[in-house]
Amino acid sequence: MPFPDKHRVLLFALIGSVIAKCGSMKPLTGFSDVMEDTNTTRALLNDLLSGPLAGRNIFFVLDEGSFDDLTFEPAFHVDLEIPLVLLASQDSLEEALYPRNYLRDEVGIVIIMTKASPMAFLDRMAASPKWRPMHLILISTGASVNTHDVLRHRAVQRSPFLVLFELTSRAGRSVFQVFTSYPFRPRGWRFPLGLWDDQTFATMDDLFLDRFDDFGGADLQLASWCDDYPFIYLDPAGDGCKGSNLDALAIMGARLNFSFSVQRETQDQNWGALENGSWTGMLGDLVYNGKHIVINYFLVNYERWRDFDATDPYHAEGFGFLVRKPPPLPKWRSLTYPFAPTTWGAILGATLVVALILAAILPGLDVGAAGGPDRVKYAVLVCAGMTRQSVSLVPTRAWERLGLGWWWLGCIIISTAFTGNLIAFLSVPVYPVRVETVAQLAISDLRVTMQDYGEFVPEELKRSSDESLYTIGHKLDLFPYDQDYDPGIEGVMRRTHVLIESYSYLMNVQIRFNVTKDTYLMKEQVYPGHLSWFLPKNTAYTTKISRLLTRLKEVGLLQKLFKNHFQSVASFEAEQRTGPQALSIAQLQGAFLLLAFGGVTSLVILFIEVILGSRFH
């Protein structure tokens, strides 16, 4: 594809500056036939540009002597329908003049042509975080160039796809021998692919082989900490480490032929943060201690993305809060739990109003009835419907029957809802409203506690612009790493603190300290994000690891490995899903108390009736 229009002016300016600095250049005849067939180097470039590199943007980086292999016209014409060619001198290459995509182009090709040693140029590029062409071609035409050292250079090894053309003499004629580099294979740093042949290397796949399809049994050093359940943690049954991410890495190792060594914890006892411009913990191990990869719990943020290579995200999670369950409400009140207090008030109010209205209006229509109007009869009709009791007092007028019929229908619906909902509240403990959101936690009397292992959360909370998070950050208490999670769990069980930690790890803490029945995880999480594996900046095989990790995720294998390490949680949930249980007296306290209240009330009324009856008779 063509370079954007805004870069074409830059292209002409750079070409002009290069031509001005190199007066010995010859005229360029055109890009379809860039080089003369009589010149081996020009023939190679012509075959490349018309063959496997056709349709690609090309960025030439040449030393002083290599400019003689190219020719330039005084008037440089570019067909806007074809990709462009950019030229630069090794000595005068300034990163600021070149857009980032020229130095890290995923589509285009960078071609370094050199007749003298390019080590000074490569050293400058190695110090640049921008330099990492996806496809790199080295063309060496000088006998003094040590291509072994060139291929081993870290600026060269950054490129995932790499090919070297070295000019040699065979049977009295000059030819180019083709090499690539397999850094993990024995004697693979300068691996021969044969002599250049435009038929053998006709396509990009033929020219740029996968350098990391086989790691040759290499041992990758993990910058790890075996205290990150379920991703990587100490095996309770042995001295090693296990976890879902280690399982995934083992699958990759079998596919790519590598092993790995696990680090149980970091030397500085820090997780990994940017402090005073330097990285600590596991991320510091990547920068300063020669480690190859981090597979622990790390969210992708700007600083990590800037200073390290990151795979595509494989898991999404945040930091959760572990809270002690509030004590259950009294069981003797279980009869009232099916309805909210406002619902009870509405039901009782409606019953009272309807009873009073009917007792006031309907008896007035029975003025001629024997014994006078019976107001109690109509009140009983209303209350009987709400308690689902049958009565023999049936209204005689049609409109009375219709009105009471609708009332009784509503009573049937309400009483049925009460009975159906009552079953759950008789057998399951009822708790008051729980703390489920950050806003509720901020205004509660609960403090927050967290283990001090160098995570970014405490500082982020204290400087958060969100009022609730800011409040939580200023009532956060840290406890030392060497005390495990005992102080945090003790605070939770005393109902004085809430424990904050990554969500998956909190599930493990619940199980490990046997508090699953007594605690719960808040629904809301903070600082949710995507987890990635991290490698040193400009690692050539990052894309390879990332693609395999993404495939494991796409087929559901990562999720399966993740769940395999929560068998105890599944067992606990299965234990809670047992069959029907017989109701105990404690669960029916309310019913027995109501029965006792009714019996006592009946005895009192009976006693009153006996006394009153004895007086009037």
Quick check for you: to the nearest 0.5 Å, what is the distance between [X] atom [atom1] and [Y] atom [atom2]?
| X | Y | atom1 | atom2 | result |
| --- | --- | --- | --- | --- |
| Thr311 | Trp533 | OG1 | CH2 | 7.0 Å |
| Met507 | Leu322 | CE | CG | 11.5 Å |
| Leu151 | Leu138 | CG | CG | 6.5 Å |
| Ile232 | Ile295 | CD1 | CD1 | 4.5 Å |
| Met522 | Leu441 | CE | CG | 5.0 Å |
| Ser261 | Leu222 | OG | CG | 8.0 Å |

One thing to verify: whether Arg547 and Asp312 come together as a salt bridge, which I'm taking to mean a side-chain N less than 4.0 angstrom from a carboxylate O. no

Determine, for Arg512 against Asp484, whether the closest basic-nitrogen to carboxylate-oxygen distance falls under 4.0 angstrom. yes

For the residue pair [Y] / [X], report whether a side-chain donor-acceptor contact shorter than 3.5 Å exists.
| X | Y | result |
| --- | --- | --- |
| Tyr314 | Asn245 | yes |
| Thr203 | Asp206 | yes |
| Asp268 | Thr266 | yes |
| Thr449 | Asp477 | no |
| Asn296 | Ser224 | no |
| Arg190 | Thr147 | yes |
| Glu501 | Tyr453 | yes |
| Thr519 | Gln510 | yes |
| Gln440 | Glu436 | no |

Around atom [atom1] of [X], are there more than 12 heavy atoms of other residues, nucleotides or ligands at under 6.0 Å?
| X | atom1 | answer |
| --- | --- | --- |
| Gln267 | CD | no |
| Asn514 | CG | no |
| Arg551 | CZ | no |
| Glu460 | CD | yes |
| His474 | NE2 | yes |
| Asp445 | CG | no |
| Arg306 | CZ | yes |
| Tyr470 | OH | no |

Among [options], which residue meets the ring pair (Phe, Tyr, Trp, His ring centres under 6.0 Å) test with [X]?
| X | options | result |
| --- | --- | --- |
| Tyr505 | Tyr297, Trp225, Tyr485 | Tyr485 |
| Trp279 | Tyr288, Phe534, Phe308 | Phe308 |
| Tyr527 | Phe319, Phe456, Phe321 | Phe456 |
| Tyr182 | Phe212, Trp189, Phe191 | Phe191 |

Would you call [X] and [Y] a side-chain contact if the rule is heavy atoms closer than 4.5 Å?
| X | Y | result |
| --- | --- | --- |
| His135 | Leu207 | no |
| Gln157 | Pro183 | yes |
| Leu478 | Pro458 | yes |
| Met113 | Phe60 | yes |
| Arg434 | Lys325 | yes |
| Val150 | Leu164 | no |
| Leu446 | His497 | no |
| Thr539 | Tyr541 | yes |

Tell me, please, whether Phe298 has Arg304 positioned over its six-membered ring: NZ or CZ under 6.0 Å from the ring centre and within 45 degrees of its axis? no

So, applying salt bridge (charged side-chain N to carboxylate O under 4.0 Å, His left out) with Asp213, which one of Lys544, Arg255, Arg185 is it? Arg185

Go through Ser504 and Glu317 one step at a time and tell me if the side-chain contact (heavy atoms from CB on, under 4.5 Å) criterion holds. CA-CA 8 Å; Ser504 298; Glu317 192 173 284; 2.3 Å; yes

Check whether [X] reaches the backbone of [Y] with its side chain - one donor and one acceptor, N or O, closer than 3.5 Å.
| X | Y | value |
| --- | --- | --- |
| Arg211 | Ser181 | yes |
| Asp452 | Pro480 | no |
| Thr114 | Ala116 | yes |
| Gln525 | Gly318 | yes |
| Arg158 | Trp131 | yes |
| Thr280 | Asn270 | no |
| Ser546 | Thr542 | no |

For [X] and [Y], which heavy atoms make the closest approach, and how far apart are they?
| X | Y | value |
| --- | --- | --- |
| Pro230 | Phe562 | CG-CE1, 3.4 Å |
| Asp123 | His153 | OD1-NE2, 2.6 Å |
| Val438 | Ser468 | CG1-CB, 3.7 Å |
| Pro236 | Lys242 | CD-CD, 4.4 Å |
| Ser464 | Leu469 | OG-CB, 3.4 Å |
| Asp285 | Ala223 | CB-CB, 3.6 Å |

Name the orientation class of the two ring planes belonging to Phe258 and Phe215 (parallel below 30°, tilted from 30 to 60°, perpendicular beyond 60°). tilted

Using ring-ring contact (aromatic ring centres under 6.0 Å, His included), reason through His315 and Phe231 one step at a time and then give a plain yes or no. CA-CA 11 Å; His315 186 72; Phe231 304 106; 5.7 Å; yes

side-chain contact (heavy atoms from CB on, under 4.5 Å) between Arg154 and Leu122: does it pass, once the steps are laid out? CA-CA 8 Å; Arg154 54 196 179 110; Leu122 295 177; over 6 Å; no

